[in-house]
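Structure, as C-alpha cells:
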2 protein chains.
Amino acid sequence: MNEPPLREPTFLILTALAEEPRHGYAVVEDVLRISDGRIRLRAGTLYAALDRLRSDGLIEVDREEVVQSRLRRYYRLTALGATRLADEVDRLRRHADTAGRRLRAAGLLPEGGTA
Amino acid sequence: MNEPPLREPTFLILTALAEEPRHGYAVVEDVLRISDGRIRLRAGTLYAALDRLRSDGLIEVDREEVVQSRLRRYYRLTALGATRLADEVDRLRRHADTAGRRLRAAGLLPEGGTA
DNA sequence: CAGCATATACCGTTCACCGGCATATACGGC
DNA sequence: GCCGTATATGCCGGTGAACGGTATATGCTG
C-alpha cells in the first residue's frame, strides 16, 4: 500500500500535466519554468518516465497531433495520478513544515529566512 | 553550483539532525516518527548516507559515547548543512504550492482536500 | 548551408536506496 | 539457560530512476 516516494523530476512531470494536457517537449519547457531553471529534463529521463507513469496508470494519452510533419503525443493526468500527486503535495508540505520548524527552533537559519 | 536535489531519506536524516545531535539508531527512530511510519531507514541506507553527508560537509561528528558497552556516534548539522536543508525546504514549498494550485484550478482534487 | 529549435526514441552509466547479513551486548520471557 | 527483541554499527549485492549522449527528422534563421 505504501507507494515509494516520487522523485523530483517525476513529481514535476505530473505537475506539468496537472495544468493541462501536454506533449513531451512542452513538459520539458514547463518543468524548466516551474523549477526556476533548475531541472532541465533529459530526453532519456522524460520518455522513460512517461512510459513508466503510463504503465502505472498515473497518466494516459490524451490525443496525438501532427504539427509541421512532427508528431505531438499529448498526455493527461488520470484520476489516480491526481490522487497520487495530491498525496505527494501533502507529504512535501509536512516535511517542509517539520524541517522549517526545527531549523527555526534551533536558530540554525543562516539568513533569517522564513523557511 | 546547482546541487542535485536531496532524496527523501536524505532530507529526513538532515531534518532529524536539525532538532538535536543524534546517533544513527536515534535517527532511524526519529525519521520513522516524522514520516508517519512511512520511512523505515535500512542500516545500509543510513550509514552510507551519514558517510556521504559527512564527506559533503553537511554534517559532522558531534561526540562519541559508550552506553552499555555500545558505541554511540552522535552527528550534528553543520552551517552548510543547515543552509542546504533550508534551501530544500524552500524548494519543497514552491513545488507543493505549484502542484496544489494546479490540482485545485483543474478541479482534479479527488476529495475536496486542501492540497 | 550550418546551426538551432522542435520532437520522439534508445542506450550505457551512475548512484542512492533497498534488503539482507554480520557482529556484539543487554534484557525479558519461558 | 536460551530464544527473541532492542540497541548499535558496518558491509555488500542488486535494483531502478535519472543522467548524458546519440540517433532520426523537419523547419526556421543567419
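The structure presented is a predicted model; accordingly, all values stated were derived computationally and were not measured.
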Report task. Looking at every strand, decide which applies to B:Glu29 at a 4.0 Å heavy-atom threshold: base, sugar-phosphate, or nothing. Result -> sugar-phosphate
Query raised in the report: Under 4.0 angstrom, heavy atoms only, what part of the nucleic acid is B:Glu65 near: base, sugar-phosphate, or nothing?
Result: nothing
Query raised in the report: Listed in order of residue number, which residues of residues 14-24 of chain B have a non-hydrogen atom at under 4.0 Å from DNA chain D?
Result: B:His23, B:Gly24
**Report entry** Any residue meeting side-chain hydrogen bond (donor to acceptor under 3.5 Å, both in side chains) with B:Asp97, in chain and number order, not counting sequence neighbours
**Finding:** A:Arg93
Report task. List in chain and number order the residues that pass side-chain hydrogen bond (donor to acceptor under 3.5 Å, both in side chains) with A:Arg54, two or more places apart in sequence or in another chain; answer none if no residue qualifies. Result -> none
Requested in this report: Give a yes or no on this: more than 12 heavy atoms of other residues, nucleotides or ligands lie within 6.0 Å of atom CZ of B:Arg63.
Outcome: yes
**Report entry** Between C:dA7 (P) and A:Arg72 (CZ): distance, integer Å
**Finding:** 4 Å
Query raised in the report: Can you tell me how far CD of B:Glu20 sits from CG of B:Asp30, rounded to the nearest 0.5 angstrom?
Result: 8.0 Å
**Report entry** Over all atoms of both residues, closest heavy-atom pair of A:Val31 and A:Ile13
**Finding:** CG2-N, 4.1 Å
Requested in this report: Using a strict 4.0 Å threshold on nitrogen-to-oxygen distance, state whether B:Asp62 and B:Arg72 make a salt bridge.
Outcome: no
Requested in this report: Could you tell me whether B:Arg84 and B:Glu88 have a side-chain N and a carboxylate O separated by less than 4.0 Å?
Outcome: yes
Is there a donor-acceptor contact under 3.5 Å from the side chain of [X] to the main chain of [Y]?
{"X": "B:Arg38", "Y": "A:Glu3", "result": "yes"}
{"X": "A:Thr15", "Y": "B:Ala99", "result": "no"}
{"X": "A:Thr45", "Y": "A:Leu41", "result": "no"}
{"X": "B:Arg7", "Y": "A:Arg7", "result": "no"}

Query raised in the report: What does the inter-axis angle of the helix from C:dC1-D:dG30 to C:dC30-D:dG1 come out as, five pairs per end, nearest 10 degrees?
Result: 10°
Query raised in the report: What string of B, S and - do you get for nucleotides 12-23 of chain C, 5' to 3', if B is base contact, S is sugar-phosphate-only contact and - is no contact with any protein heavy atom under 4.0 Å?
Result: ----SSBBB---
Query - Contact boundaries on DNA chain D for chain B, cut-off under 4.0 Å to non-hydrogen atoms - result: D:dA6 to D:dC12
Query raised in the report: With a 4.5 Å limit on heavy-atom distance, are the side chains of A:Arg73 and A:His23 in contact?
Result: no
Report summary line: Result for side-chain contact (heavy atoms from CB on, under 4.5 Å) between B:Tyr75 and one of B:Ile59, B:Leu14, B:Leu58 points to B:Ile59
